[in-house]
Amino acid sequence: MSQNHPLNQFDKSQLIAIAQNFFPQSQITDIKPFGSGNINDTFLVSLQGIEAQSFILQRINTNVFREPKLVMRNMRIYGEHVSDRLAKQPLDRRWDVPQIFTTAQSQDYWQTENGEYWRSLSFIAGSQSFDAIVNTQQAREVGYALGTFHHLTSDLAPERLADTLEGFHITPRYLQQYLEVLAKGSIKKSIEVDYCLKFVGDRHNLAHILEDAKAAGKLRLRVMHGDPKVNNILFDQKTNLAVSVIDLDTVKSGLVHYDIGDCLRSGCNLAGEEIEQWESVRFETEFCQGILQGYLPIARSFLTDHDYAYIYDAIRVITFELGLRFFTDYLAGNVYFHVKYPEHNLWRSLVQFRLVESIEAQESVINQIIKDIR
Ligand code: ADP
Ligand code: GN1
Ligand code: MG
C-alpha cells in the first residue's frame with residue numbers, strides 16, 4: 001500500500017480503539033489500509049496471540065448506504081443461509097463465507113460518537129484479490145465463483161433481504177440522475193467530456209433494455225450480489241482456485257443479469273478500470289468464454305430461455321451504466337466513488353464507454369460463445 005494512500009489519513013490510535021471493540025481481549029499489533037475498493041474504507045488488522053492472526057475492519061460508507069444496520073442484517077441473513085446450505089450440501093472444494101464478528105455488546109457493528117459505522121469481518125486466510133484477470137484459468141474461476149454464489153442463494157427468498165441501496169442498477173434512474181446533473185450545472189468542456197456527452201446522448205435507449213424485460217415479465221427477481229467485479233472475488237494463493245465472494249453490501253433482490261453483466265465487463269477488461277490510456281481498452285472474448293465456461297454449467301439449472309436471450313444485452317447495459325455512473329459523479333463533483341484526483345471518474349467513464357464500443361463490435365462472437373456453451 002503506497003505511502004500516500006487516502007486511508008493513511010486515518011488516525012492510527014483511533015483505528016486501534018475502534019478495532020479493540022471487536023477484540024477487547026487481544027493485543028492489536030498492526031493496522032493498515034487494505035484492498036482497492038471504491039466505496040468503503042477497509043483495513044487489515046493484525047492480532048497477537050490468537051490463531052486467526054488478522055481480521056478486516058471496515059468503515060461502512062454511510063453516504064452510499066444510508067441504513068448500515070439493514071446492510072448488516074442482510075449480510076447476516078445471507079451468511080447464515082449459505083453456511084447452513086454448505087453444512088447440508090458441502091461443495092467438493094474450499095468455499096469460505098466471511099464471518100461477521102460482533103462487539104462485546106453483541107452488535108454486528110460499532111457506532112462511533114460521530115455516527116460512523118464500523119464492522120469487522122473474518123479475513124479469508126491465504127487468499128488474494130486481483131484488479132484484473134490474468135489468464136483463462138482464472139476467468140473460469142471467476143465464472144465458477146459467481147455461479148456458486150447464485151447456486152447457494154437460489155433457495156433464499158429475495159423478499160427476506162432489505163433494499164439497502166434504492167435504485168441500484170436500475171439503469172433508467174442513473175440516466176435520469178445524469179440528466180438532472182446536466183441540467184443543473186455549467187460543464188467544464190474538454191475533448192473527453194464532449195466524447196462522453198455524445199456517447200450517452202447516442203445510447204439513451206440502452207438504459208431501458210433490462211428494466212423493460214423485467215416489466216414485461218421476461219426476467220424475474222432473484223437474490224443478486226450486485227457487485228461481483230473481479231476484485232470482489234478471492235483466490236487461494238496456493239491453488240489459484242476461487243474461494244470466496246466478498247463485498248456483500250449490495251446482496252439483495254435484483255436481476256442475476258446485473259451480476260452476469262458486471263462480472264463479464266470487469267473480467268474481460270484486461271487493462272482494468274483504472275487505466276488512463278482508455279483508447280486501448282478492449283473486451284476480451286477469450287475471457288468471456290472462460291467466465292461463461294465456469295458460470296453456465298452451474299447456472300444451467302436455474303436459467304430460463306429468456307435469461308439466456310438477455311446475457312449479451314446485460315454485458316453492454318451494465319458497462320454503459322457504470323460509465324454513466326462514473327461520468328455523472330465526475331459532473332456532480334465526485335460525491336459517490338472514492339477518487340484520487342478530480343478527473344479520476346472522467347477517465348474511469350471513458351474506460352467503460354470504450355469497453356461498450358468493443359462489446360458492441362463483437363456482438364456476434366459473444367452471442368456465439370453463449371450459444372456454444374449453453
Ligand atoms: P468496497 O465496497 O470498498 O469495495 P470491499 O468489501 O470490497 O469494499 O473490500 C475492499 C477490498 O478489501 C477487497 O477488494 C479485498 O481485496 C479486501 N477484502 C475485503 N474483505 C475481505 C475479507 N473478508 N478477506 C480478505 N480480503 C478482504
Ligand atoms: C463500486 O465497492 P466496489 O469498489 O467493489 C460500486 C460498484 C461498481 C464498482 C466499479 C456499492 O464497487 O457498483 O461497479 O465500484 N459499488 C457500489 O469499480 O456502488
Ligand atoms: Mg469491493
Side-chain angles (χ1 to χ4, degrees), residues 1 5-7 32-46 52-66 68 71-72 74-75 79 96-101 118-132 145 163-171 173-174 177 224-237 242-252 254 258-259 261-267 269 272-275 317-329 335-339 344-345 347-349 351-352 355:
M1 193 62 58
H5 191 282
L7 297 189
K32 56 182 184 220
F34 195 68
S36 48
N38 288 333
I39 302 294
N40 297 306
D41 298 311
T42 306
F43 299 86
L44 184 65
V45 181
S46 306
Q53 285 289 316
S54 304
F55 66 92
I56 293 285
L57 181 71
Q58 273 185 326
R59 183 173 70 165
I60 303 174
N61 185 333
T62 46
N63 187 34
V64 171
F65 299 104
R66 302 280 179 179
V71 170
M72 295 315 294
N74 276 3
M75 212 184 245
D96 291 354
V97 181
Q99 301 300 305
I100 304 167
F101 293 123
W118 291 79
R119 68 177 165 219
S120 175
L121 305 172
S122 60
F123 178 67
I124 309 296
S127 73
Q128 60 184 331
S129 67
F130 298 90
D131 288 333
D163 188 354
T164 48
L165 192 50
E166 215 207 315
F168 189 57
H169 288 322
I170 310 291
T171 319
R173 290 223 203 166
Y174 293 112
Q177 280 167 15
M224 67 162 182
H225 179 280
D227 192 3
K229 68 170 176 179
V230 168
N231 73 14
N232 289 327
I233 293 167
L234 298 182
F235 291 81
D236 187 296
Q237 284 170 354
V243 289
S244 188
V245 180
I246 56 162
D247 203 345
L248 304 165
D249 296 320
T250 49
V251 174
K252 60 179 185 133
Y258 298 141
D259 284 351
D262 200 58
C263 195
L264 286 161
R265 68 129 198 103
S266 81
N269 171 10
E273 289 174 33
E274 300 290 321
I275 180 175
V317 169
I318 285 297
T319 310
F320 172 70
E321 180 194 280
L322 184 59
L324 183 63
R325 291 171 65 200
F326 283 144
F327 187 46
T328 306
D329 202 31
V335 291
Y336 186 96
F337 295 102
H338 289 336
V339 289
H344 199 159
N345 275 319
W347 298 119
R348 285 170 170 161
S349 64
V351 169
Q352 297 304 318
L355 204 54

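Any value given below was found using the heavy atoms of this structure, including those in side chains, with hydrogens, waters and symmetry copies removed. Remember, it's 1-based here, ligands and their atoms both numbered in the order they're listed.
Listed by chain and number, residues touching ligand 2 at under 4.0 Å (heavy atoms only) are G37, N38, I39, F65, F168, D227, K229, N232, D247, T250, D262, R265, E273, L322, R325, F326, Y336, F337. For ligand 1, residues of the protein lying within 4.0 angstrom by heavy-atom distance are F34, G35, G37, N38, I39, N40, T42, I56, Q58, S122, F123, I124, S129, N231, N232, L234, I246, D247.
In summary, of the residues considered (R325, E321, K252), a side-chain hydrogen bond (donor to acceptor under 3.5 Å, both in side chains) with H169 occurs for E321 alone. Here the options are N38, N40, D41, N61, the test is side-chain hydrogen bond (donor to acceptor under 3.5 Å, both in side chains), and the partner is H338; only D41 passes.
A salt bridge links E166 with R173: the closest approach of a Lys/Arg side-chain nitrogen to an acidic carboxylate oxygen falls below 4.0 angstrom.
With no hydrogens or angles considered, a side-chain donor-acceptor pair links Q58 and T42 at under 3.5 Å.
A donor-acceptor pair is defined here as one N or O able to donate and one able to accept, closer than 3.5 Å; no such pair exists between the side chain of Q237 and the backbone of F235. No donor-acceptor pair closer than 3.5 Å links the side chain of T164 to the backbone N or O of F65. Between the side chain of N232 and the backbone N or O of D227, at least one donor-acceptor pair lies under 3.5 Å.
The closest side-chain heavy-atom distance from N74 to L248 is not below 4.5 Å.
Taking CD from Q99 and CG from L121, the interatomic distance works out to 9.5 Å, rounded to the nearest 0.5 Å.
For E273, the side-chain hydrogen bond (donor to acceptor under 3.5 Å, both in side chains) partners at least two apart in sequence or on another chain are R265.
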Report the C-alpha distance between I56 and R119 in whole Å, list the side-chain angles of each, state the deciding distance to 0.1 Å, and finish with yes or no for side-chain contact (heavy atoms from CB on, under 4.5 Å).
CA-CA 8 Å; I56 293 285; R119 68 177 165 219; over 6 Å; no

Could you walk me through whether Y174 and F168 satisfy the side-chain contact (heavy atoms from CB on, under 4.5 Å) test, starting with their C-alpha distance in whole Å, then the side-chain angles of each, then the deciding distance to 0.1 Å, before giving a yes or no?
CA-CA 9 Å; Y174 293 112; F168 189 57; 3.4 Å; yes

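Pairing each heavy atom of F123 with each of L44, the nearest pair is CD1-CD1, 3.5 Å.
For the Mg ion (ligand 3), the nearby protein N/O/S atoms, meaning those under 2.8 Å, are N232 OD1, D247 OD2.
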